[in-house]
Amino acid sequence: MTKYCPEWIFGVFAAQTSKEFLSTNNSITSISKKYANAINERYNEVKFEEIMDLSEKTLQFLSEINAGEEAVTYITDYIHYRVKFEANGNERKLSGMFSSAFDPVKIKDYNSDKCFKIFKATVFSIRNDALPKATPGWSIDDVEDIDWVGEVFNQEPELF
């Protein structure tokens, strides 16, 4: 049975991989594996290399736009927007009576290139004040009904 990870979760985990790489001493490989393992417990297999590829593209892009110290802020704003809003701009309903934003999807609708385009577009929109930014000090734990995604954000990656 096909149980693919929703695109927004894949994108958020790859972005968080970049953020953790910039703000911790952990390797991008170990962080990517942490998120791939979390996805693989619930959905069809995602290789850590897929997450790492998107994370590396994200870091390269932030370098190209000379984000500097703002890089972590851009990533946080992206994560905030993707968790709180759907692609069409409507508020994301994380849990509902009959379905959830965490439910698996039948068709794999994510890949590194697609998610990277979404990241770039979101960051440009945030920079131009076209999309809402996260409030200062915002974290994933501030989101009601974030479920297992918030738990994974707070886990330390395995070193080996």
Side-chain angles (χ1 to χ4, degrees), residues 4-28 30-43 46 48 50-52 54-59 61-62 65 67-105 109-110 112 114-158:
Y4 291 105
C5 176
E7 179 275 325
W8 73 271
I9 293 175
F10 179 82
V12 163
F13 279 175
Q16 183 65 15
T17 298
S18 299
K19 182 177 173 180
E20 287 182 32
F21 177 73
L22 291 173
S23 56
T24 69
N25 291 325
N26 296 318
S27 72
I28 198 164
S30 66
I31 301 165
S32 299
K33 286 180 179 179
K34 172 179 92 167
Y35 290 109
N37 290 338
I39 289 172
N40 295 339
E41 288 177 14
R42 292 158 183 86
Y43 308 106
V46 169
F48 80 90
E50 292 177 272
I51 294 173
M52 192 166 67
L54 177 54
S55 179
E56 288 172 343
K57 287 177 182 176
T58 298
L59 293 168
F61 168 71
L62 292 169
I65 64 168
E69 293 179 10
E70 291 294 307
V72 171
T73 303
Y74 289 140
I75 295 169
T76 300
D77 289 342
Y78 166 83
I79 292 169
H80 169 265
Y81 184 77
R82 293 305 311 275
V83 168
K84 301 285 263 176
F85 299 95
E86 295 179 11
N88 62 11
N90 291 337
E91 246 186 272
R92 185 180 305 282
K93 304 233 185 296
L94 294 175
S95 62
M97 194 176 295
F98 300 108
S99 66
S100 161
F102 304 103
D103 289 347
V105 294
D109 69 342
Y110 63 86
S112 178
K114 177 183 178 180
C115 291
F116 179 59
K117 286 177 186 173
I118 294 169
F119 178 82
K120 281 182 16 180
T122 304
V123 168
F124 281 129
S125 295
I126 288 168
R127 287 177 76 182
N128 293 320
D129 295 323
L131 295 177
K133 297 177 182 175
T135 56
W138 179 87
S139 82
I140 196 83
D141 296 324
D142 297 339
V143 179
E144 196 173 313
D145 297 327
I146 195 60
D147 203 23
W148 62 273
V149 171
E151 293 171 13
V152 177
F153 269 50
N154 294 318
Q155 291 173 358
E156 287 295 318
E158 294 179 15

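Starting from 1, each residue takes its place in the sequence as its number.
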Trainee: What's the separation between atom CD in Glu56 and atom CD1 in Ile51, rounded to the nearest 0.5 Å?
Mentor: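 Answer for the CD-CD1 pair, Glu56 versus Ile51, is 12.0 Å.
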Trainee: Considering non-hydrogen atoms only, spot the tightest contact between Ala71 and Leu22 and give its length.
Mentor: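 For Ala71 and Leu22, the tightest heavy-atom pair comes out as CB-CD1, 4.0 Å.
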Trainee: What's the separation between atom NZ in Lys84 and atom CG in Leu131, rounded to the nearest 0.5 Å?
Mentor: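 One gets 14.5 Å once the value is rounded to the nearest 0.5 Å.
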Trainee: What distance separates Arg42 CZ from Asn37 CG, expressed to the nearest 0.5 Å?
Mentor: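 Arg42 atom CZ to Asn37 atom CG measures 11.0 Å (nearest 0.5 Å).
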Trainee: Taking all heavy atoms of Ile118 and all of Thr122, pick out the closest pair and write down the distance.
Mentor: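 For Ile118 versus Thr122, the nearest heavy atoms are O-OG1, 2.7 Å.
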Trainee: Kindly indicate, with the supporting measurements, whether the criterion side chain to side chain contact (heavy atoms under 4.5 Å, CB included) is fulfilled by Tyr81 and Asp77.
Mentor: CA-CA 6 Å; Tyr81 184 77; Asp77 289 342; over 6 Å; no
Trainee: Does the side chain of Val149 reach to within under 4.5 Å of the side chain of Leu94, using non-hydrogen atoms?
Mentor: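 No - every pair of side-chain heavy atoms lies 4.5 Å or more apart.
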Trainee: Could you pull out the closest heavy-atom pair between Asn26 and Pro157, with the gap in Å?
Mentor: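 Reported closest heavy-atom pair: ND2-CG, 3.4 Å.
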Trainee: Return the NZ to CD distance between Lys34 and Glu156, rounded to the nearest 0.5 Å.
Mentor: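 Here the rounded value is 6.5 Å.
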Trainee: Once rounded to the nearest 0.5 Å, what's the spacing between atom NZ of Lys19 and atom OG1 of Thr24?
Mentor: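 Taking NZ in Lys19 and OG1 in Thr24, the distance rounds to 11.5 Å.
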Trainee: Are the side chains of Thr17 and Phe21 in contact, using a 4.5 Å heavy-atom criterion?
Mentor: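 They are not in contact (no side-chain heavy atoms under 4.5 Å apart), so the answer is no.
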Trainee: Any donor and acceptor pair, going by atom type alone, linking the side chain of Asn128 with main-chain N or O of Ala130 inside 3.5 Å?
Mentor: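 Not a single qualifying donor-acceptor pair exists.
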Trainee: May I ask you to decide if Arg92's main-chain N or O and Trp8's side chain share a donor-acceptor pair within less than 3.5 Å?
Mentor: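 Not a single qualifying donor-acceptor pair exists.
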Trainee: Could you give me the CA-CA distance, side-chain angles and deciding distance for Lys133 and Trp138, then say whether side chain to side chain contact (heavy atoms under 4.5 Å, CB included) is met?
Mentor: CA-CA 10 Å; Lys133 297 177 182 175; Trp138 179 87; over 6 Å; no
Trainee: Assess whether side chain to side chain contact (heavy atoms under 4.5 Å, CB included) is satisfied between Tyr78 and Thr58, documenting all intermediate values.
Mentor: CA-CA 11 Å; Tyr78 166 83; Thr58 298; over 6 Å; no
Trainee: Under 4.5 Å between any side-chain heavy atoms of Val46 and Phe48, yes or no?
Mentor: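 No, side chains not in contact.
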Trainee: Between Phe13 and Tyr35, how do the two ring planes meet: parallel, tilted or perpendicular, split at 30° and 60°?
Mentor: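 The arrangement is tilted - the two ring planes meet at 30° to 60°.
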Trainee: Check whether any side-chain heavy atom of Lys117 sits under 4.5 Å from a side-chain heavy atom of Lys57, and report yes or no.
Mentor: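 No, too far: nothing below the 4.5 Å cut-off.
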Trainee: Centres of the Phe124 and Phe61 rings: under 6.0 Å?
Mentor: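 Yes, ring centres under 6.0 Å apart.
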Trainee: Provide the closest heavy-atom pair for Ile146 versus Phe102 in the form atom of the first, atom of the second, distance.
Mentor: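 For Ile146 and Phe102, the tightest heavy-atom pair comes out as O-CZ, 3.2 Å.
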Trainee: Under 3.5 Å, side chain of Asn90 to main-chain N/O of Glu86, donor-acceptor pair present?
Mentor: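 Side chain of Asn90 to backbone of Glu86, a donor-acceptor pair under 3.5 Å: no, none is there.
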Trainee: Using atom types as modelled and distance alone, determine if a side-chain donor or acceptor of Asp142 lies under 3.5 Å from a backbone N or O of Ser139.
Mentor: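 Judged by distance alone, yes, a pair lies under 3.5 Å.
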Trainee: So do the side chains of Tyr43 and Val105 get within less than 4.5 Å of each other, counting heavy atoms only?
Mentor: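 Of all side-chain heavy-atom pairs linking Val105 with Tyr43, none is under 4.5 Å.
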Trainee: Please give me the minimum heavy-atom distance between Asp109 and Lys114, naming the atom from each residue.
Mentor: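 Shortest heavy-atom separation between Asp109 and Lys114 comes out as O-NZ, 2.8 Å.
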Trainee: Side chains of Glu50 and Tyr110: does their closest heavy-atom pair fall under 4.5 Å?
Mentor: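 Yes. Closest side-chain heavy atoms under 4.5 Å.
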Trainee: To the nearest 0.5 angstrom, please state how far the OG1 atom of Thr73 sits from the CG atom of Leu62.
Mentor: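 The OG1 atom of Thr73 sits 10.5 Å away from the CG atom of Leu62.
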Trainee: Would you say that Val152 contacts Gln16 through its side chain, given a criterion of any heavy-atom pair below 4.5 Å between the two side chains?
Mentor: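 Not touching, per the 4.5 Å side-chain cut-off.
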Trainee: Taking atom types as modelled, find out whether Ser55 and Ser18 have a side-chain donor-acceptor pair closer than 3.5 angstrom.
Mentor: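 Ser55 vs Ser18: donor-acceptor pair found between side chains.
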Trainee: Would the number of heavy atoms belonging to other residues, nucleotides or ligands and lying under 6.0 Å from CG of Asn25 be above 12?
Mentor: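 Open: at most 12 neighbouring heavy atoms sit under 6.0 Å from CG of Asn25.
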Trainee: Can you see which heavy atom on Ala134 is nearest to which on Thr76, and at what distance?
Mentor: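 For Ala134 versus Thr76, the nearest heavy atoms are CB-CG2, 4.2 Å.
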